[in-house]
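Remarks on the structure that follows.
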Amino acid sequence: MTAHLKMNERQPAILDDMAQGIIGTPTPRREGPLKVTGQAAYAAEVGDGTEAVGMLVRATIAKGRVTSINEAATLAMPGVLAIITDERMLRNPAQGGADKAPVQGPRDVAYFGQPIALVVAETFEQARHAAQNISVVYETSPDAITDLLDGDAPVERPAAKQIDQGDIENAMNDAAFSIDATYTTPSQNSAAMEPHASLAWWEGENVILHSSLQMLKFNRNELADSLGIDPGNVRVLAPYVGGGFGSKLGLAPEAVAAALAAKELGRPVRVVMTRPQVFETTMRRSATQQRLRLAANEQGELSAIGHDALVSNLPGESFSEPVALATHFLYAGKNRSYSHKIARLNLTCAGSMRAPGEAVGMLALENAMDELAHEAGIDPVELRLRNIPDVHPEDGKRFSSHSLAECLTTGAERFGWDKRNPTPGTVREGEWLIGIGMASAARGNILHEAKARVVLHSDATITVETDMTDIGTGTYTILAQIAGEMLGLSLDRIEVKLGDTDFPPAAGSGGSWGAGSTGSAVFLACQKLRSEIADLLGADQAELTIKDGSVISGNVHHELAQLLTRDLSAEGHIEPGSTSDEVEQATFGAHFAEVAVSAVTGETRVRRMLGVFSAGRILNMQTALSQCHGGMIFGIGSALTEELVHDVRDGHIVNHNLAEYHVPVNLDVPDIEAVFLEERDSWANPMQSKGVGELGISGAGAAITNAIFNATGVRVRDYPATLDKVLKDLPDI
Ligand code: MOS
C-alpha cells in the first residue's frame with residue numbers, strides 16, 4: 001500500500017487534532033544514550049576484525065601530474081598488502097544531491113591534498129607508516145592559482161540567479177543615505193566531530209559500504225557511478241553519523257578508495273580519514289568577497305539593494321556558494337542588482353556547509369544594514385521593520401508565512417534592546433567596552449521527495465523504515481513522534497530504522513529539509529494505516545480517536561492490539577509540487593548579541609545571545625531549539641574565530657586541525673537563548689512544518705560584529721573579527 005502526495009495544494013492542519021500529544025513535545029534524542037556511552041558504532045568502529053586498513057596518500061603539490069610512484073619500496077614495508085592507484089579514485093568529493101562527481105584527468109593533480117593512492121596494510125599503524133614514506137614524483141605546473149583576491153584566477157559567471165532590476169546607480173545617486181561596502185569571509189571547514197570513514201566489502205558483484213554520510217540515495221548512485229557498476233549492486237549503510245554540516249552530503253574519496261581496495265584484495269577494507277585529511281580532502285566552504293550597496297530615503301526605506309559576489313571552486317565544479325540567497329527576498333527595494341562570479345582556484349573542493357549561501361551572505365547583508373542604520377540614525381530593528389516586503393520583491397509571489405516582524409519585535413523586547421546606547425564606544429566596564437547588536441535571520445524552505453515504510457504490528461508496536469539519516473539532528477526521535485502521534489502509541493512502542501539503502505529512499509539530511517520531507521512520508525504512511533484501522537471498524541477515519549493503544553469510535557473503546565489480526569504495512573511518498581513554485585517559502589528570525597571587547601587587547605567575548613525564530617510547526621521543541629543553539633554557536637565561530645588559512649605558495653591548509661582551526665569551545669559560548677514563535681505553514685507539507693537546521697546560523701555572526709561596532713566604533717569587514725583587526729582601529733584610551 002502506498003500513500004502518495006504531491007504538494008499541489010495547501011494542506012489542512014491534521015496534527016492539531018491528534019490525541020497522543022507527542023508532536024512538538026520536547027523529547028530527548030532516543031539514540032543519545034547509545035552515542036554517549038559508545039554503543040552506537042560509527043563507521044570507523046564497525047567490522048569483525050578481518051578488515052585490512054587503508055590510508056590515503058595525497059598530493060603535496062597544488063597543480064601538476066603524478067609521474068611515478070615507487071610502489072616496490074612501499075610494498076616491501078611491514079604489513080603492506082597493496083597500493084591502489086586506480087584512476088577511479090581521483091575524483092573530487094561528490095557534491096550533495098548530485099549523482100556524479102567530476103573526474104580529474106588521469107593522474108592530474110588539481111589541489112594540495114588530492115588523493116592519489118591508497119596504501120593498504122594489515123594495521124592502521126602499518127598503513128600510515130607506509131603512506132607517509134611513499135615516494136611520489138610529480139611534474140609540477142607553475143601556474144597554480146591559490147588566492148581568491150589576487151586577481152589572477154580565471155573567473156566564470158555560473159548559473160546562479162543574477163538579477164538586474166531597475167537602475168541601482170541612479171538609486172544610489174538619489175539616495176538620502178547609502179552604503180557601498182565590501183566584506184570578505186574566509187574559507188571554512190564543517191569540522192564535524194566524527195571524521196569521514198568507510199568500511200567496504202563485496203558479496204559477489206555487490207558492494208556494501210558502511211560510511212558516514214548524509215544522503216544515502218544519492219551516495220549509492222555516486223558510488224555506483226565512481227565504480228562503473230549498477231546502483232542495484234550498491235548498498236550503503238550509515239545508521240549513526242557524528243555530524244556532517246554538509247561535508248557528508250556526497251561521498252568523500254575514502255569511500256571510493258575503500259570499495260576499490262576491497263574488490264582488489266577480496267577482503268573488507270576500512271579507510272578512516274585523519275583530521276588533517278578531513279580538512280584538506282573533503283569539502284571547504286568557499287571564501288567570499290561581497291560588495292553590498294544599499295540606498296534609502298530619509299525614512300530609511302530601501303530604494304536599492306546590490307549584492308556582488310566573488311567565490312571560488314576547483315575547475316569544473318558546479319557548486320558555487322550562493323551568497324545572495326536571502327538578499328533576493330529579505331528586504332523590499334525597487335532597484336536590485338546581483339552579480340555572481342566564481343574564480344577557479346587550486347584549493348580543496350568547495351561545497352555546501354551549513355546554510356550554504358545565507359551563512360556567509362547574511363554576514364555581509366546584515367552588516368550593511370547595520371551600517372545603513374548608523375548612517376541614517378535609525379534604530380537597526382526599526383530599519384528592518386520598515387523594509388519587510390509584502391510580497392517577494394522580485395517576482396511578486398506571496399510568502400507562505402512570514403513572521404520576521406514578530407521575531408524582531410519579540411526579540412527586541414526579550415533582549416532589552418531599548419537599553420542599547422546607539423552611540424558606539426560609550427558603554428564601558430573597566431577594561432571592557434560593551435555593545436549590543438542584532439541581525440535578521442532568513443533561510444529558504446525546501447521540500448524534497450521522500451519515501452518511508454511504516455509497519456503497524458499486530459501487537460500494537462510500530463516499525464518505521466527509511467534510508468534517511470540522523471546526523472545529530474534528531475531524526476530517529478522525530479519520526480517516532482510522528483508515527484506515535486498518528487497511530488496513538490507511546491514512543492517506547494516504536495522502533496525507527498534508518499541509514500540503509502535497502503529501506504525506502506528518503507530525502508537525506510541536507511538543506512534543512514530532512515524532518516519535513518521524510519517526516520511527511522512517515523505521516524502519509526500513518527494516515528493510510530489510520531484509514532485501514534477505520535475500515536476494520538467500518539468507521540470514518542476522521543471520527544476515530546486513537547490514543548495510548550486504544551481506538552475510540554463512536555463511544556466504543558477497542559484495544560488496538562485486539563483489533564489487529566495481522567501486521568499492516570504502508571509506504572508514504574511525498575513529492576514537491578506546485579506549492580514550491582506558487583509561493584515563496586522561507587523561515588525567519590532575529591538574532592541579538594551582547595559583547596564585551598577588551599580596550600587593551602581587542603579581544604571579543606560574547607556575553608549573551610538571543611535568537612527568536614519562526615519555522616512553521618515545531619515537531620520536537622527540544623531538538624529544534626538544539627539546532628538553533630548549534631547554529632548560533634556556529635555564528636560565534638564565523639564572527640570571531642573560524643578561518644581556514646591557505647599557504648598561497650602551494651595551497652596547503654596551514655591550520656588543518658582542531659587545535660588551530662578554532663571552533664567555539666565552552667568558554668567561548670555564553671548564555672544562549674533560542675525561542676520559537678507559534679506558526680503553521682500549510683503550503684510547506686502536510687505537517688505544516690518548515691526546516692530548522694540552518695536557520696540558526698543565518699545572520700548570527702552579523703549580530704556579533706554589529707555588537708562589536710556598537711561597543712567600539714570599529715567596523716571589521718574582513719571576517720573573522722579577530723583581535724588584531726579590532727585593535728588596530730580602536731580609539732586611544
Ligand atoms: Mo547541509 S550544508 O545541506 O548539510
Evaluation steps, side chain to side chain contact (heavy atoms under 4.5 Å, CB included), between Met468 and Asp470: CA-CA 7 Å; Met468 184 59 188; Asp470 187 332; over 6 Å; no
Could you walk me through whether Asp500 and Leu498 pass the side chain to side chain contact (heavy atoms under 4.5 Å, CB included) check? CA-CA 6 Å; Asp500 184 342; Leu498 304 179; over 6 Å; no
Let's go through Tyr661 and Asn189 carefully: what are the C-alpha distance in whole Å and the side-chain angles of both, what is the deciding distance for side chain to side chain contact (heavy atoms under 4.5 Å, CB included) to 0.1 Å, and is it a yes or a no? CA-CA 8 Å; Tyr661 179 86; Asn189 185 275; 4.3 Å; yes
Just do the salt bridge (Lys or Arg N to Asp or Glu O under 4.0 Å) check on Glu594 and Lys419 with the steps written out, would you? CA-CA 12 Å; Glu594 177 179 322; Lys419 295 187 191 67; over 6 Å; no
Before giving the answer on side-chain hydrogen bond (donor to acceptor under 3.5 Å, both in side chains), spell out for Thr469 and Ser509 the whole-Å C-alpha distance, their side-chain angles and the decisive distance to 0.1 Å. CA-CA 6 Å; Thr469 49; Ser509 301; 2.7 Å; yes
Kindly indicate, with the supporting measurements, whether the criterion ring-ring contact (aromatic ring centres under 6.0 Å, His included) is fulfilled by Tyr240 and His210. CA-CA 10 Å; Tyr240 297 110; His210 191 128; 8.8 Å; no
Output, in order, the C-alpha distance, side-chain angles, deciding distance and verdict of side-chain hydrogen bond (donor to acceptor under 3.5 Å, both in side chains) for Thr587 and Asn445. CA-CA 6 Å; Thr587 53; Asn445 183 63; over 6 Å; no
Set out, in order, the CA-CA distance, both residues' side-chain angles and the distance that settles side-chain hydrogen bond (donor to acceptor under 3.5 Å, both in side chains) for Asp681 and Gln688, then state yes or no. CA-CA 5 Å; Asp681 194 326; Gln688 306 191 331; over 6 Å; no
So Gln481 and Thr27, side-chain hydrogen bond (donor to acceptor under 3.5 Å, both in side chains) or not? Walk me through it. CA-CA 9 Å; Gln481 286 173 280; Thr27 307; 3.0 Å; yes
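Between the OG atom of Ser638 and the CE atom of Met362 there is a distance of 12.0 Å, given to the nearest 0.5 Å. Note that OG1 of Thr579 is 9.5 Å distant from CD of Glu9, once rounded to the nearest 0.5 Å. A distance of 6.5 Å separates OG1 in Thr501 from CG in Leu237, rounded to the nearest 0.5 Å. Distance check, rounded to the nearest 0.5 Å: CD of Glu575 to OG of Ser520 gives 12.5 Å.
Taking 4.0 Å as the cut-off between side-chain N and carboxylate O, Glu673 and Arg414 count as a salt-bridged pair. At a threshold of 4.0 Å, the pair Glu194-Lys248 counts as salt-bridged, since one of the basic side-chain nitrogens sits closer than that to a carboxylate oxygen.
No donor-acceptor pair under 3.5 Å is formed between the side chain of Asn8 and the backbone N or O of Gly577. The closest donor-acceptor contact from the side chain of Lys217 to the backbone of Ala506 lies under 3.5 Å. Between the side chain of Thr37 and the backbone N or O of Pro33 there is at least one donor-acceptor pair closer than 3.5 Å. A donor-acceptor pair is defined here as one N or O able to donate and one able to accept, closer than 3.5 Å; no such pair exists between the side chain of Gln541 and the backbone of Ala534. Using modelled atom types, no side-chain atom of Glu694 and backbone atom of Ala359 make a donor-acceptor pair closer than 3.5 Å. Proximity of a side-chain donor or acceptor of Glu485 to a complementary backbone N or O of Ile22 within less than 3.5 Å is detected. Looking at Arg443, its side chain never comes within 3.5 Å of a backbone N or O of Ala586 through a donor-acceptor pair. Listed for the Ser247 side chain is a donor-acceptor partner under 3.5 Å among the backbone atoms of Gly244. The backbone N or O of Gln622 sits nowhere less than 3.5 Å from a side-chain atom of Ser626 that would complete a donor-acceptor pair. Of the possible polar contacts, none joining the Asn620 side chain to the Ala624 backbone as a donor-acceptor pair under 3.5 Å is found.
Here the closest heavy-atom approach between residue Gly416 and residue Ile436 is recorded as O-CD1, 4.4 Å. The two residues Thr477 and Arg29 make their nearest non-hydrogen contact at OG1-CA, 3.2 Å.
Among residues two or more places apart in sequence or in another chain, the salt bridge (charged side-chain N to carboxylate O under 4.0 Å, His left out) test is passed with Asp16 by Arg617, Arg680. Every residue two or more places apart in sequence or in another chain that forms a side chain to side chain donor-acceptor pair (under 3.5 Å) with Ser211 is listed here: Ser198. For Glu584, there are no salt bridge (charged side-chain N to carboxylate O under 4.0 Å, His left out) partners two or more places apart in sequence or in a different chain. Applying the ring-ring contact (aromatic ring centres under 6.0 Å, His included) rule to Phe592 yields the partners Phe415, Trp417; only residues at least two apart in sequence or on another chain are considered. Taking the side chain to side chain donor-acceptor pair (under 3.5 Å) definition, one finds that Arg420 meets it with nothing, sequence neighbours left out. Judged as a salt bridge (charged side-chain N to carboxylate O under 4.0 Å, His left out), and not counting sequence neighbours, the contacts of Glu679 are Lys690. For His392, there are no ring-ring contact (aromatic ring centres under 6.0 Å, His included) partners two or more places apart in sequence or in a different chain. With sequence neighbours left out, Glu582 forms a side chain to side chain donor-acceptor pair (under 3.5 Å) with Ser578. Applying the side chain to side chain donor-acceptor pair (under 3.5 Å) rule to Asp668 yields no partners; only residues at least two apart in sequence or on another chain are considered.
Listed by first and then second residue, the ring-ring contact (aromatic ring centres under 6.0 Å, His included) pairs involving residues 493-514 are His448-Trp513 (not counting sequence neighbours). Among residue pairs with one or both ends in residues 447-463, those qualifying as salt bridge (Lys or Arg N to Asp or Glu O under 4.0 Å) are Arg453-Glu465; sequence neighbours excluded.
Inspection of the Tyr719 and Thr705 side chains reveals an N or O donor paired with an N or O acceptor under 3.5 Å. Defined by atom type and a distance below 3.5 Å, a donor-acceptor pair is missing between the side-chain atoms of His558 and Ser553.
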Please set out all donor-acceptor pairs under 3.5 angstrom arising from side-chain atoms of residues 542-549, sequence neighbours excluded.
unit_1	atom_1	unit_2	atom_2	d
Asp548	OD1	Gln20	NE2	2.9

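Side-chain contact between His573 and Leu524: absent, with no pair of heavy atoms (C-beta onward) separated by less than 4.5 Å. Taking 4.5 Å as the limit, every side-chain heavy atom of Val692 sits out of range of all side-chain heavy atoms of Ser512. Using a 4.5 Å heavy-atom threshold, the side chains of Val454 and Leu487 count as touching. Counting heavy atoms from C-beta outward, Leu640 and Val606 have side chains that approach closer than 4.5 Å. Looking at Ser212 and Tyr42, their side chains never come closer than 4.5 Å, going by heavy atoms from C-beta outward. Contact annotation: the side chain of Ser190 never approaches that of Arg354 to less than 4.5 Å [non-hydrogen atoms, C-beta and beyond]. Residues Ser614 and Phe588 meet the side-chain proximity criterion, which asks for heavy atoms closer than 4.5 Å. Residues Met353 and Glu321 form no side-chain contact, since every pair of their non-hydrogen atoms from C-beta on lies 4.5 Å or further apart.
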